[in-house]
Amino acid sequence: MKTFIDVCCKECWHSTEKPCDQFIRCCTEGPLCHHNPDCEKKFKQLNRELTYQEHDLPVIFIGKGTCGLASGAQKTEDAIRAELDKLNIKAIIETTGCVGYCAKEPIVDIKLPGKDRVSYCEVTPKIVSKLIQKTIVEKDIYKENFLGKYGPAENGYKNINDIDFFKRQMKIVLENCGVIDPTSIDTYIAHGGFKALDKVLTHRKQEEVVNDILASGLRGRGGGGFPTGKKWDFALKQKSEQKYIICNADEGDPGAFMDRSVLESDPYKVVEGMLIGGYAIGASVGYIYCRAEYPLAITRLENTIKNCKQYGLLGKNILGTGFNFELKIKKGAGAFVCGEETALIASIEGKRGMPKPRPPYPAVSGLWGKPTVINNVETFANVPQVFNKGVEFYASIGTKTSKGTKVFALSGKIRNTGLVEVPMGTTLREVVFDIGGGIPNNKKFKAVQIGGPSGGCLPEKVMDTVVDYESLKTVGAMMGSGGLVVMDEDTCMVDVAKFFLTFIQNESCGKCVPCREGTKRMLEIIEKIPMSYKNTANKVDQLQRFKGIIHLQRLADVIKDTSLCGLGQSAPNPILSGLKYFKDEYEEHLYDRKCTAGVCKELLTFTVNNDLCEGCGLCARKCPVEAIMGEKKQAHYIIQDRCIRCGMCVDSCKFEAIDVE
Amino acid sequence: MHKKIFENYPPKDKSVLIAVLQDVQHIYGYLPENALQEVADFVGLPLSRVYGVATFYNQFRLTPLGENVIRVCRGTACHVSNSANILFNIETALNVKAGQTTRDKKFTLETVACIGACSIAPVITVNDDYFGKVAVKEIPNILKKYSTPKKQII
């Protein structure tokens with residue numbers, strides 16, 4: 001018996017074609033249908049192997065999510081394999097997903113037989129030979145790159161959940177991420193996977209499942225925060241011969257990557273959630289709409305579906321209960337607006353991804369006019385945990401209106417970039433400063449951008465806001481999908497507003513006028529703010545700028561009120577929150593014609609500091625417009641009229657001799 | 001060449017349009033005009049509708065790609081970590097704007113809304129290779145790595 005689908009002896013009869021309703025329980029507690037000490041031993045043995053409790057060879061876990069691979073995990077793996085070959089050591093190399101601490105990738109865990117699993121961070125090919133020598137040959141802990149260990153702390157080596165980054169986190173969705181092999185269905189089952197599905201299919205009626213989800217207080221994690229149970233309830237009550245359930249994995253928010261990580265690191269949990277959802281509303285077909293920009297996530301999902309089919313967990317008569325469910329992957333083709341429910345449906349139908357007015361809501365008339373439930377990846381990943389941990393437990397986490405945990409993707413100017421999962425009700429300050437470790441390079445914190453292009457930038461003074469759907473709205477942001485981009489004093493808020501508007505303007509589908517034309521006008525107004533008028537004699541332009549600013553607020557409100565879908569309705573948020581919290585900065589740009597952060601190029605002047613310039617001429621060679629002149633070994637100078645303020649000279653100068661004002 | 005793709009899909013099924021286009025683009029690197037016409041016939045839609053879909057989504061392109069595709073991530077995290085300058089530098093180094101291909105067909109430069117690797121911002125990808133925490137200084141080296149002629153594999 002190598003996998004759970006293998007039969008233990010002649011008595012066992014589970015197969016893809018002939019499913020047994022006790023299959024899942026049998027895998028971890030089995031065999032249930034007959035008594036045979038030999039079989040029991042086989043099951044126990046397999047479970048202990050799959051949960052890495054029993055193995056003869058050292059196991060090396062390598063985190064190979066996109067973040068790990070981009071940090072060089074593949075090179076590290078190659079180096080490890082070469083080193084093991086050289087030393088003639090046999091070891092099992094397992095692929096895992098992302099544990100969340102992306103700043104410290106590549107992360108490699110090593111577990112020796114009979115010892116605790118130990119996590120090492122920033123394992124580059126350079127240190128591989130030292131690491132292998134110390135850990136596998138000398139059977140010790142390699143102190144230099146030690147991150148944390150699983151199991152009790154000893155000799156000052158902390159448990160991984162006690163280190164600063166993980167200490168305040170509560171892992172419900174990310175429980176398995178980075179810990180188990182995301183490609184193996186056996187590992188997932190041995191770690192308690194599909195237990196919730198089993199419980200639901202065999203013990204719960206459809207209404208009961210919906211009621212449980214309602215009672216748990218789970219709300220959509222995609223951003224809007226609509227109660228998941230209510231959505232399911234609407235769909236359940238619809239009478240239709242065909243219903244659909246869709247997983248929204250079109251994570252277009254720049255700065256959000258938790259869905260990618262969950263799909264790469266624990267795809268089975270999402271599929272299990274979808275199966276439960278499908279059963280609850282009576283859907284027999286499911287779609288996962290995943291961005292084509294996430295090739296690894298798609299590969300892992302394809303593998304997941306293949307394995308589930310083989311194990312009889314997808315297809316006809318699942319676990320012998322008569323429940324049929326088919327799952328398909330639809331690859332998105334790169335349109336941000338397709339994250340909106342109705343646009344996503346249009347895209348699955350093969351059309352241009354344009355939203356439709358609601359009602360009718362998708363739960364009434366969705367894909368091909370049939371009742372459809374669309375939930376986000378993280379929502380589905382929460383569903384099995386509601387049943388595993390119990391409805392009461394789930395409902396006890398979080399605040400009054402927002403239950404459970406939320407995964408945030410920390411990025412930008414912050415020390416510990418990565419994924420963090422915190423209970424609702426944690427303050428932003430805790431997330432950014434305690435877990436995130438604050439701002440690197442002794443810079444000052446300026447703002448945290450939450451909720452992607454639909455959210456807002458929050459300053460220091462509202463950092464004590466707790467994380468839940470309502471509180472974030474009151475301060476002018478929104479939960480969004482959970483991207484937290486931290487900005488320091490080198491970030492210009494006007495530039496950020498311009499960035500988001502450019503994004504929204506590009507991604508606006510063009511169907512409704514307020515969004516298509518309004519965001520364009522807003523962008524024009526914002527673009528005029530950091531523009532220099534030194535070289536134009538035309539005063540009308542300057543007048544236009546002030547006129548635009550006067551109307552900005554009103555324009556934003558109109559777009560908000562009259563746009564068709566969420567994209568347009570939330571498009572002005574970055575501007576509104578900017579005007580609310582960073583008015584000074586806007587005014588500084590307008591009246592003083594200055595950009596303190598040094599980002600808005602047109603307002604900057606570049607000069608050469610004669611005391612520092614060595615006259616190497618590097619900047620003159622790099623300058624794309626030949627604006628830098630000077631004799632060799634003499635201080636150079638910049639011809640201001642020619643300078644296009646690209647900043648190439650600043651980046652290329654080795655002596656920091658270029659002053660920016 | 002692309003006719004083989006049609007074997008995997010039921011004919012006259014409008015919902016497979018995007019998937020078929022993705023497969024066609026996978027073969028050619030872009031969507032040639034005659035292929036669009038054939039796709040339209042296959043799924044039973046007028047060419048104008050197929051063109052509408054092909055121009056709506058960012059992934060599809062109607063012009064051929066260069067040998068290497070450079071994608072510069074312009075997500076928020078990358079933006080605050082200076083990705084605008086990185087894009088500008090690549091643009092000057094290759095003498096093309098984003099969305100264009102160099103004259104020698106060596107490089108195509110594109111921007112992408114977010115690659116989803118924000119933790120190692122700023123990120124660029126060349127073909128399928130990721131480069132995280134890219135500094136402006138590293139760009140010439142990265143470009144050099146891909147501009148050396150590849151051995152012909154036939």
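A note on names: the letters A, B, ... follow the listed sequences, proteins ahead of strands, and every chain is numbered from 1.
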Does the side chain of B:Gln22 come within less than 4.5 Å of A:Lys331's, by heavy atoms?
yes
Ordered numerically, the heavy-atom neighbours of chain A under 4.5 Å found in residues 91-98 of chain B are B:Thr92
Which bit of A:Val337 comes within less than 4.5 Å of chain B, counting heavy atoms only: side chain, backbone, both or neither?
side chain
ring-ring contact (aromatic ring centres under 6.0 Å, His included) contacts touching residues 105-133 of chain B (sequence neighbours left out)
none
Spacing of B:Arg71 atom CZ and A:Glu293 atom CD [to the nearest 0.5 Å]
8.5 Å
Within residues 32-44 of chain B, the residues sitting under 4.5 Å from chain A by heavy atom, in sequence order, are none
Find the distance between NE2 (B:His79) and CE (A:Met487) and round it off to the nearest 0.5 Å.
8.0 Å
Turns out that what part of A:Glu507 lies under 4.5 Å from chain B's heavy atoms comes down to side chain
For A:Lys622, look at atom NZ and say whether over 12 heavy atoms of other residues, nucleotides or ligands are found less than 6.0 Å away.
no
When every non-hydrogen atom of B:Ser119 is compared with those of A:Gly418, the smallest separation belongs to CB-N, 4.2 Å
Here the gap from A:Leu419 atom CG to B:Cys118 atom SG, rounded to the nearest 0.5 Å, amounts to 9.5 Å
Check whether B:Val136 gets within reach of chain A through its side chain, its backbone, both or neither, counting any heavy atom under 4.5 Å.
side chain
Heavy-atom distance under 4.5 Å between the side chains of A:Thr417 and B:Ile120, does that happen here?
no
Nearest-0.5 Å distance, CG of residue A:Asp490 to OG of residue B:Ser81:
11.0 Å
All heavy atoms of A:Arg352 vs all of B:Thr55, minimum pair found to be NH1-OG1, 4.0 Å
Under 4.5 Å from any heavy atom of chain A, what part of B:Val112 do you find: side chain, backbone, both or neither?
side chain
Top residue by heavy-atom pair count (under 4.5 Å) with chain B, among A:Ala409, A:Gly255, A:Gly412?
A:Gly255
Name the member of A:Ser261, A:Ser411, A:Cys509 that forms the most heavy-atom pairs with chain B at distances under 4.5 Å.
A:Ser411
Can you say whether A:Tyr294 sits under 4.5 Å from chain B via the side chain, the backbone, both, or neither, judging by heavy atoms?
side chain
With a 4.5 angstrom heavy-atom cut-off, could you sort out which part of B:Ala113 is near chain A: side chain, backbone, both or neither?
both
Going by atom types only, do B:Asn85 and A:Lys601 share a side-chain donor-acceptor pair under 3.5 Å?
yes
Which distance, rounded to the nearest 0.5 Å, do you find between the CG of A:Asp253 and the OG1 of B:Thr76?
8.0 Å
Neighbour count above 12 (heavy atom, 6.0 Å) for B:Tyr30 OH:
yes
Check this for me: B:Lys12, atom NZ, are more than 12 non-hydrogen atoms of other residues, nucleotides or ligands nearer than 6.0 Å?
yes
Chain B contact via A:Ala103 - side chain, backbone, both or neither, heavy atoms under 4.5 Å:
backbone
Are A:Lys351 and B:Phe56 packed together at the side-chain level, in the sense that at least one heavy-atom pair is separated by less than 4.5 angstrom?
no
Shortest non-hydrogen contact from B:Ala117 toward A:Arg260
CA-NH2, 4.4 Å
Within residues 495-504 of chain A, which positions have a heavy-atom distance to chain B below 4.5 Å?
A:Asp495, A:Phe499, A:Phe500, A:Phe503
Best-contacting candidate, A:Ala333, A:Gly483, A:Pro254, against chain B by heavy atom pairs under 4.5 angstrom:
A:Ala333
Flag for B:Tyr57-A:Ser347: side-chain donor and acceptor within less than 3.5 Å
yes
When B:Leu17, B:Asp129, B:Ile18, B:Val16 are compared by non-hydrogen pairs under 4.5 Å with chain A, the top option:
B:Ile18
Does some side-chain heavy atom of A:Phe257 sit less than 4.5 Å from a side-chain heavy atom of B:Cys114?
no
Hey, is the main chain of A:Gly334 close enough, under 3.5 Å, to the side chain of B:Asn58 for a donor-acceptor pair?
yes
Which bit of B:Thr125 comes within less than 4.5 Å of chain A, counting heavy atoms only: side chain, backbone, both or neither?
neither
